[in-house]
There are 2 protein chains.
Amino acid sequence: MTTQPLSRARIVAAAVELIEREGADAVSMRRIASELGVGVMSLYNHVPNKGALLDGVAESVLSEIEFTDDPEAHWADRVRMQARAFRQIAHHYPRCTMLVVSRQLHSHAGLLPVERALATLRSAGFDGADAVRVLRLFIAFIVGSLLREVGVTPAFAPGRSSTIDPEEVDPELFPEVSALSELLGSCDHEAEFAFGVELFVQAIAVHPARREGTR
Amino acid sequence: MTTQPLSRARIVAAAVELIEREGADAVSMRRIASELGVGVMSLYNHVPNKGALLDGVAESVLSEIEFTDDPEAHWADRVRMQARAFRQIAHHYPRCTMLVVSRQLHSHAGLLPVERALATLRSAGFDGADAVRVLRLFIAFIVGSLLREVGVTPAFAPGRSSTIDPEEVDPELFPEVSALSELLGSCDHEAEFAFGVELFVQAIAVHPARREGTR
DNA sequence: GGGGGCGACGTACACCGTACGTTCCTTGGA
DNA sequence: TCCAAGGAACGTACGGTGTACGTCGCCCCC
């Protein structure tokens, strides 16, 4: 049996798999090459450099988003669906998500979500400029949320997930933090995300820049 | 003249200065040591490892936030002030901001902003659980915003700031993106941030979980 | 005066990204 | 059928990285 030839797609896939298995720090050209049973420099026949490889990883993950957009649905439900779609890939590729949000990619892979979101906001009654503004705001929220959700598990250790040790914070200096330390320590990301989406939807529903009366 | 002795503070300060001058990629133990006119391993007498040094950088930058909180002011104004305070350090230390938002630090340096924010939200009429929820949402927005603002200038090149080349996007596939490419290409971060803050303030002002009637 | 501890240092190792030159295998044309 | 050409895989090498470890000199306190 002959092993199938190297290709950019196989390299990117190996990188994704390695990142999810051992974290982004484990990624090196040598490591990926050995993972594929191949010499290090052979990778450079398909990928110009490491940065481009990581871009490929981000692009690959991003392109797996499943958009089941229904133009007939209410805009609020479409916003909810698109937000869920984003978060689902973060659930599927938690370690890669950091790459997606930290590398800004100039490719066209990230354009489809933008297109869908803009269409949704236009149908919600925003003009072009306000649609862009609102979209930027929403993306900021999503990126910030995913970053917290992912960043809280750098070593994927559920045990020490608590960021705040209630015993170590001085109740005199930080009364609120101290009183709420239990709530601050644990976080239901699912509920937190849904809460944010709902508040966002409700906020733009009443926004003055929106023209009412669209389907 | 005798050079003043090495110290954790001097090392962190040199790192901050180097990051702002040449970017986070330029940071290496050897580089910082030579910057201080010192041997590489001498650094390890004051800093356990590079990760701790970067944590120190994040902590240092974060601790420079100037909170001029006025408990007598309206809660909405207090939210605006605190948001501005956050964004100002991003303006002051643009390259370091990525570190602050990407490393989650277990130290107590980040606790003061949390304390102030929670107090503000409590005074706005939220109970503990909702204050934490709203705070998490707000932090997500701020982090996402700063990340975009900083990430758009990795090499600090104002020329190629445009992420989207209008000529390269197919109007058939992406009509909205194509039509709004000019708006998508440029971004007034200041206005964008203010827009988000206002929408956030207005959203929580009408939120059902908030109890009205506080000063 | 002497001893102990600490801070600066140099060396060494394993690993990183990648520029460059070599080898082999496949494939198109005569 | 043979040969030339090109691409793909490879090995070597260079400069850089983080840091473990052993050594040396200075200062302070007893």
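Order of the sequence lines fixes the chain letters, A, B, ..., with proteins taken first and strands second; residue numbering starts at 1 for each chain.
Between A:F86 and A:F141, the ring centre distance reaches or exceeds 6.0 Å.
Contact annotation for A:V38: backbone-only contact, meaning every heavy-atom pair under 4.0 Å involves sugar-phosphate atoms and none involves a base.
D:dG18 atom C1' lies 7 Å from atom CE of B:M29, rounded to whole Å. Between the CG atom of A:N49 and the P atom of C:dC20 there is a distance of 15 Å, rounded to whole Å. Following rounding to the nearest Å, B:I32 (CD1) and D:dT17 (C1') show an atom-to-atom distance of 13 Å. Rounded to a whole Å, the CG atom of A:N45 is 9 Å from the C1' atom of D:dC10. We find that CZ of A:R10 is positioned 13 Å from C1' of D:dA8, with the value rounded to whole Å. Counting to the nearest Å, the P atom of D:dG7 and the CE atom of A:M41 are 17 Å from each other. Distance A:Y44 OH to C:dG17 P: 6 Å, rounded to the nearest Å. In this structure, B:L53 atom CG and D:dT17 atom C1' are separated by 15 Å, rounded to whole Å.
Ion pair B:R136/A:E192 flagged as a salt bridge, since at least one NZ, NE, NH1 or NH2 atom sits closer than 4.0 Å to an Asp/Glu carboxylate oxygen.
Of the two residues near DNA chain D, A:G37 and B:V27, the one whose nearest nucleotide lies more 5' is A:G37.
In terms of heavy atoms, B:T97 sits closest to B:I89 at OG1-O, 4.2 Å.
Counting atom types as modelled, B:R30 pairs a side-chain N or O with a base atom of D:dT19 as donor and acceptor under 3.5 Å.
Taking side-chain N and O atoms only, A:S42 has a distance below 4.0 Å to OP1 or OP2 of D:dC10. OP1 or OP2 of D:dT17 has at least one side-chain nitrogen or oxygen of B:S28 nearer than 4.0 Å. For D:dA9, the OP1/OP2 oxygens have a side-chain nitrogen or oxygen of A:H46 closer than 4.0 Å.
Dense packing is recorded around CG of B:D188, with more than 12 heavy atoms of other residues, nucleotides or ligands lying under 6.0 Å away.
Classified by interplanar angle (parallel below 30°, tilted 30° to 60°, perpendicular above 60°), the ring pair B:F138/B:F200 is parallel.
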